[in-house]
Amino acid sequence: MYLSLPQRLNSLSLATATLLLTFLSPISLSPSMSVSLSTQVQAQTPQDQVNEAEQLLKEGRDLYQQGQAQAALNRLQQASALFETVKAPQGKVMTLTQMGRVYDSLNQYENSLEAYQQALEIAQEINDRQEEAIILDYMGLAYNNLQQYNDAIAHHQKSLKLFQDIGNRRSEGIVLGNIGIAYLAQDQDAQALPFLRDALVIYREVEDKPGEGIILDYLGLAYGKMNQYAEALESHQQGLAIFEELNIPRSQAITLYNIGTVYSQQGQVKMAQESYQKALAIFEQVDDSEGIRATRYQMETLEQ
């Protein structure tokens, strides 16, 4: 049993992992787009309507970041209707995409896919390839959460091609990682490895240390599932060093837990217990109840 970075510890299974690589990435609604939006529609509509729509979108994003999903949806639905009224397709795309993210946070993946599909069609109509690539990647994540892995990989692949065409190297790395994780979720570990390795190369190239740490931990999971324990430990330990350097305690705890699992698989009980104990101390420090529960369970299992 592993913990996956940076998922919520949801049964601690890759098969149900929430893939959150994109939360650490620029694959999100670009704040700069709202600056050009006013120019786009100013000649067609009163400026106060444009400002109101942009303000509603901003409030929706802020509420989403604060974990107030229902309030966020209320603002975004108002923004979407207003962008429709003022005939601002780019604003409509951004709002629908943000609505999809909120539905994802509520595990309402069918609703998120509906919002993404509407956004995708508009992005394609206005030939916004960057936004199209972003939406396709988010759709892949939603399909993965529905365990519709073929659809997930197909959407990630389309997103990857667009980012490669655009030349957005960092986003390319993120999508490569998401493809690798989708294969891991199906226990297709050998297929996952080349995507994770390619993602790691890009994260290092663009000097994205948090992303590098995440990919290293997923590589460790893949190697561990393939019983390549030396490679698994090396990857996890490299990831741990990054999370320690960046002072990201929960990620440290998850990686220590995964290191403990690798030791446990090899029958190295003492080493496993030491890693679990370190993980437990950090989970308690950050008040992560699921992490605490999972780690204690593993420690108790070792003692039996």
*Asks:* What's the shortest heavy-atom distance between Leu302 and Val269, and which atoms?
*Replies:* CD1-O, 4.2 Å
*Asks:* Any heavy-atom pair between the side chains of Phe163 and Gln130 that's under 4.5 Å?
*Replies:* yes
*Asks:* Does the side chain of Ile215 come within less than 4.5 Å of Leu219's, by heavy atoms?
*Replies:* yes
*Asks:* Would you give the length of the straight line joining atom CD of Gln77 to atom CG of Leu96, rounded to the nearest 0.5 angstrom?
*Replies:* 10.5 Å
*Asks:* With a 4.5 Å cut-off on side-chain heavy-atom distances among I, L, V, M, F, W and Y, is there a chain of contacts connecting Leu63 to Tyr103?
*Replies:* no
*Asks:* Would Tyr149 and Tyr143 count as a close aromatic pair, with their ring centres under 6.0 Å?
*Replies:* no
*Asks:* With a 4.5 Å cut-off on side-chain heavy atoms, are Leu56 and Phe83 touching?
*Replies:* no
*Asks:* With a 4.5 Å heavy-atom cut-off, do Leu221 and His236 have their side chains touching?
*Replies:* yes
*Asks:* Is there a donor-acceptor pair closer than 3.5 Å between any side-chain N or O of Thr95 and the backbone N or O of Gly91?
*Replies:* yes
*Asks:* Please check if any side-chain donor atom of Asn74 sits under 3.5 Å from a side-chain acceptor atom of Gln78, or the reverse.
*Replies:* yes
*Asks:* side-chain contact (heavy atoms from CB on, under 4.5 Å) between Tyr263 and Leu233: does it pass, once the steps are laid out?
*Replies:* CA-CA 8 Å; Tyr263 282 129; Leu233 285 172; 3.8 Å; yes
*Asks:* Can you list the steps and then say if Arg129 with Glu132 is a salt bridge (Lys or Arg N to Asp or Glu O under 4.0 Å)?
*Replies:* CA-CA 5 Å; Arg129 300 180 77 206; Glu132 182 182 351; 5.6 Å; no
*Asks:* Would the distance check show the side chain of Ser159 and the main-chain N or O of His155 forming a donor-acceptor pair, the cut-off being under 3.5 Å?
*Replies:* no
*Asks:* Could you grab the distance from atom CE of Met99 to atom CD of Glu114, nearest 0.5 Å is fine?
*Replies:* 8.5 Å
*Asks:* Short question: side chain of Gln273, backbone of Met299 - any donor-acceptor pair under 3.5 Å?
*Replies:* yes
*Asks:* Examine Leu200 and Met226 and state if one hydrophobic cluster contains both, with Ile, Leu, Val, Met, Phe, Trp and Tyr joined whenever side-chain heavy atoms are less than 4.5 Å apart.
*Replies:* yes
*Asks:* NE2/His156 to CE/Met139 distance, rounded to the nearest 0.5 angstrom?
*Replies:* 11.0 Å
*Asks:* With hydrophobic residues grouped by side-chain heavy-atom distances under 4.5 Å, do Leu246 and Ile174 end up in a single group?
*Replies:* yes
*Asks:* Does Leu76 offer a backbone N or O that forms a donor-acceptor pair with the side chain of Ser80 under 3.5 Å?
*Replies:* no
*Asks:* Just so I know, are the side chains of Val93 and Asp128 near enough to count as touching, which here means a heavy-atom distance under 4.5 Å?
*Replies:* no
*Asks:* Please report the shortest heavy-atom distance between Ala53 and Ala79, naming the atom on each side.
*Replies:* O-CB, 3.8 Å
*Asks:* Which pair of heavy atoms, one from Ala142 and one from Ser112, lies closest together, and at what distance?
*Replies:* CB-OG, 3.8 Å
*Asks:* Minimum heavy-atom separation for Ala72 to Gly60, with atom names?
*Replies:* CB-O, 3.4 Å
*Asks:* Are there more than 12 heavy atoms of other residues, nucleotides or ligands under 6.0 Å from atom CD of Glu207?
*Replies:* no
*Asks:* What residues form a side-chain contact (heavy atoms from CB on, under 4.5 Å) with Glu84, not counting sequence neighbours?
*Replies:* Lys92
*Asks:* Are Gln157 and Ile153 side-chain neighbours, meaning at least one heavy-atom pair lies under 4.5 Å?
*Replies:* yes
*Asks:* Measure the spacing between CD of Gln164 and OG of Ser171 and express it to the nearest 0.5 Å.
*Replies:* 11.5 Å
*Asks:* Mind checking whether Tyr229 and Tyr223 have side chains closer than 4.5 Å, heavy atoms only?
*Replies:* no
*Asks:* Does Arg296 pair with Glu284 as a salt bridge, N-O distance under 4.0 Å?
*Replies:* yes
*Asks:* Do other residues, nucleotides or ligands put more than 12 heavy atoms under 6.0 Å from the CG atom of Asp165?
*Replies:* yes
*Asks:* Please assess Leu216 against Gln237 for the test side-chain contact (heavy atoms from CB on, under 4.5 Å), listing each intermediate value before the final yes or no.
*Replies:* CA-CA 9 Å; Leu216 282 164; Gln237 287 164 348; over 6 Å; no
*Asks:* Which heavy atom in Gly140 sits nearest to a heavy atom in Ala152, and how many Å separate them?
*Replies:* O-CB, 3.3 Å
*Asks:* Checking Arg170 against Tyr203: charged group under 6.0 Å from the ring centre and within 45 degrees of the axis?
*Replies:* no
*Asks:* Does Leu106 belong to the same Ile/Leu/Val/Met/Phe/Trp/Tyr cluster as Leu113, with side-chain heavy atoms less than 4.5 Å apart forming each link?
*Replies:* yes
*Asks:* For the side chain of Lys225 and the backbone of Gln188, is there at least one donor-acceptor N/O pair under 3.5 Å apart?
*Replies:* no
*Asks:* Just by distance, no angles: are the side chains of Asn145 and Asn107 close enough, under 3.5 Å, to form a donor-acceptor pair?
*Replies:* no
*Asks:* Measuring only between side-chain heavy atoms, which start at C-beta, is Ile254 closer than 4.5 Å to Phe283?
*Replies:* yes
*Asks:* Please assess Tyr218 against Ser235 for the test side-chain contact (heavy atoms from CB on, under 4.5 Å), listing each intermediate value before the final yes or no.
*Replies:* CA-CA 8 Å; Tyr218 275 117; Ser235 293; over 6 Å; no
*Asks:* Among side-chain atoms of Tyr116 and Asp104, is any donor-acceptor pair under 3.5 angstrom?
*Replies:* yes
*Asks:* Can you name the nearest heavy-atom pair linking Gly100 to Ala115, along with the distance?
*Replies:* N-CB, 4.0 Å
*Asks:* Run Asn247 and Gln252 through side-chain contact (heavy atoms from CB on, under 4.5 Å) and show every step you take.
*Replies:* CA-CA 8 Å; Asn247 191 27; Gln252 293 175 46; 4.2 Å; yes
*Asks:* Under 3.5 Å, is there a donor on one side chain and an acceptor on the other for Tyr64 and Gln98?
*Replies:* no
*Asks:* What's the spacing between Gln90 CD and Ile122 CD1 if we round to 0.5 Å?
*Replies:* 11.5 Å
*Asks:* Rounded to the nearest 0.5 Å, what's the gap from CD on Glu54 to CD on Glu59? Could you check?
*Replies:* 12.5 Å
